[in-house]
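Working notes, structure below.
Residue numbers begin at 1 in each chain, while the letters A, B, ... track the order of the sequences.
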Amino acid sequence: MNERTVAERPSKVARRAAGYLRWYPRVWRARYGEEFQAHLEAELEERPISLRRAVDIAFHAVISRFRFQRGARWITGIALSAVVVVSLVVGFLGNGSGGLPVPLTIDTSSSVGMPTTPTTVNNLNFRFTNRKSERIQLTHVSLIGFKGYPVPRIVRVELDPQRQRKDDYELNPSNALFGLVPALGRELKLGNDDSLFVRMVAPKKGRLYAVSGIQLTYVRHGVSRTESRSIGQMPDVLCVEKSPPSQTVELPSCQRGIQTVWALAQFYAPLVNHDSTVKSMAQIVTGAAFGYTTGAEKKIPALSDMRSWATHLFAHRGSWRISGVTARRTNVTIGNVSHELTFHFAFVNRASGEKANVCVQNGAYMEGGEITPEIVHCLRA
Amino acid sequence: MSRKSSPDLGSGSTFLILSSLADGEKHGYSLTKDVESFAGVRLAPGTLYEALARLEGMGLIEPVASDDRRRPYRLTAFGATALSEHVAAQSKILAESQRRLKRNWSPA
């Protein structure tokens, strides 16, 4: 008897969770249904009965129904009235209203992240991916910076209204502007695979510009909404070389600046585990030094390069201070050439004085590929 | 087009969720348990998922690909910056509150 009860419990819980889930509209269920049901099953296992939970789910389900299925038949007049009042309040407050966010996400075809000139127009591209089209009026677009670096200047925002036109552009660049329409201040119909281009310039020579995302303000169904779009873990960087344009692809001072921003982005990324901060710092210094030196067409960084990057990045940052860097030859492959190189980082905790050691071996570095510094055991000298 | 400041995170579920994700990626249930452990607040499922959808829309968090039904979420770089700025601003207010309490309301 007891065995049967235990065996039946999961299915009963799953049925109850599915019952709660059905309160939400289909659009919402398509996006969050599976994970929400798994979440509810865990909740129901832990607390089989909770009036607060039932009321909370019912309330948010009604709100979602109202957002996605205005006029849904099952909503009673009383519930509809209550939701109208709540929605008006939420709408008045701005953020959080107007249904799910417009599905615009960063497109990897964005052209930034490299040295540029003050007159070059660089693109941040966002792709609309949804089978159902949306009508919005885009009223404002601004760039979100990174760690105090200035943001580039937006020169125009445009919509490529058909994916086909983008394909034409890729096949025939002379048609680059074909089909693009100004996107600010007018009603746009966004269809699947349409692209929004944020075009910008880095106006001053010798300056480093960084972008971590954009902020969009748009009107949908008469409700204004402001949202942000991240461009990923690594900021995009624009840099204008002080010296006159040269034929070389890699520009030394810009290269150093770009490496710095990317290294800092890694340091501040939420994926950095606080339990292994020293390991992350050692990897970041190694990655920055290798990225910079290989960019400058040197094969591997000298020990002085490594020390310089350690100081440049972490002299006044983080709870640990890098007190020394030494190198020893082990076994590492860089490009097609085998080297033997392991860097030994010594750390001192700024607050407690605790000491730590981390050794990093730069793993296989393929030309044009990713540099993956690996933590290794520190061998005795 | 000038740069806008980071979004206001308030002190409710938004702030609690971002604080929890600052420690690493989590799915909905583990996020609820974590928030309960460090803040003593139990986020109800409807509230939690409405907040997750809103934060995702704002670009402050992002889902992580998973084979499991339970989809984990993590903080984005933008989210980490926004949380960091919010904490710094709140810390200033707390410090000022403490200073005033100490000056005017501490026992003689």
- salt bridge (Lys or Arg N to Asp or Glu O under 4.0 Å) between B:Lys33 and A:Glu43, intermediate numbers included: CA-CA 10 Å; B:Lys33 300 297 284 181; A:Glu43 287 259 348; over 6 Å; no
- Message: I need the minimum non-hydrogen distance between B:Gly46 and A:Ile57, along with the two atoms involved.
- Response: N-CG1, 4.2 Å
- Here the pair of heavy atoms bringing A:Ser230 nearest to B:Phe78 is CB-CB, 4.5 Å
Assess whether a salt bridge exists between [X] and [Y], defined as any Lys/Arg side-chain N lying under 4.0 Å from an Asp/Glu carboxylate O.
X: A:Glu227; Y: B:Arg54; result: no
X: B:Glu56; Y: A:Arg31; result: yes
X: B:Glu85; Y: A:Lys147; result: no

- Heavy-atom contact with chain A under 4.5 Å, split by part of B:Thr32: side chain
Pairwise distance [atom1]([X]) to [atom2]([Y]) - rounded to 0.5 angstrom:
X: B:Glu50; Y: A:Asp56; atom1: CD; atom2: CG; value: 9.0 Å
X: A:Phe59; Y: B:Thr47; atom1: CZ; atom2: OG1; value: 8.5 Å
X: B:Arg70; Y: A:His39; atom1: CZ; atom2: NE2; value: 11.0 Å

- Message: Run A:Glu46 and B:Arg42 through salt bridge (Lys or Arg N to Asp or Glu O under 4.0 Å) and show every step you take.
- Response: CA-CA 13 Å; A:Glu46 187 188 346; B:Arg42 177 91 179 186; 3.2 Å; yes
- Region of A:Tyr20 that comes under 4.5 Å of a non-hydrogen atom in chain B: neither
- Test item: B:Tyr49 and A:Trp28 side chains (from C-beta on) under 4.5 Å apart, heavy atoms: yes
- Looking at side-chain heavy atoms only, is the closest gap between B:Leu60 and A:Ser228 below 4.5 Å? no
- Begin with the C-alpha distance, continue with both residues' side-chain angles, and end with the deciding distance and a verdict on salt bridge (Lys or Arg N to Asp or Glu O under 4.0 Å) for B:Lys26 and A:Glu35. CA-CA 12 Å; B:Lys26 293 180 187 69; A:Glu35 57 183 293; over 6 Å; no
- Message: Quick check on the interface: out of A:Arg153, A:Arg47, A:Arg53, A:Gln37, who has the most heavy-atom pairs with chain B under 4.5 Å?
- Response: A:Arg47
- Query: For A:Ile49, does the CD1 atom sit with more than 12 other heavy atoms under 6.0 Å from it, leaving out its own atoms?
  - Reply: no
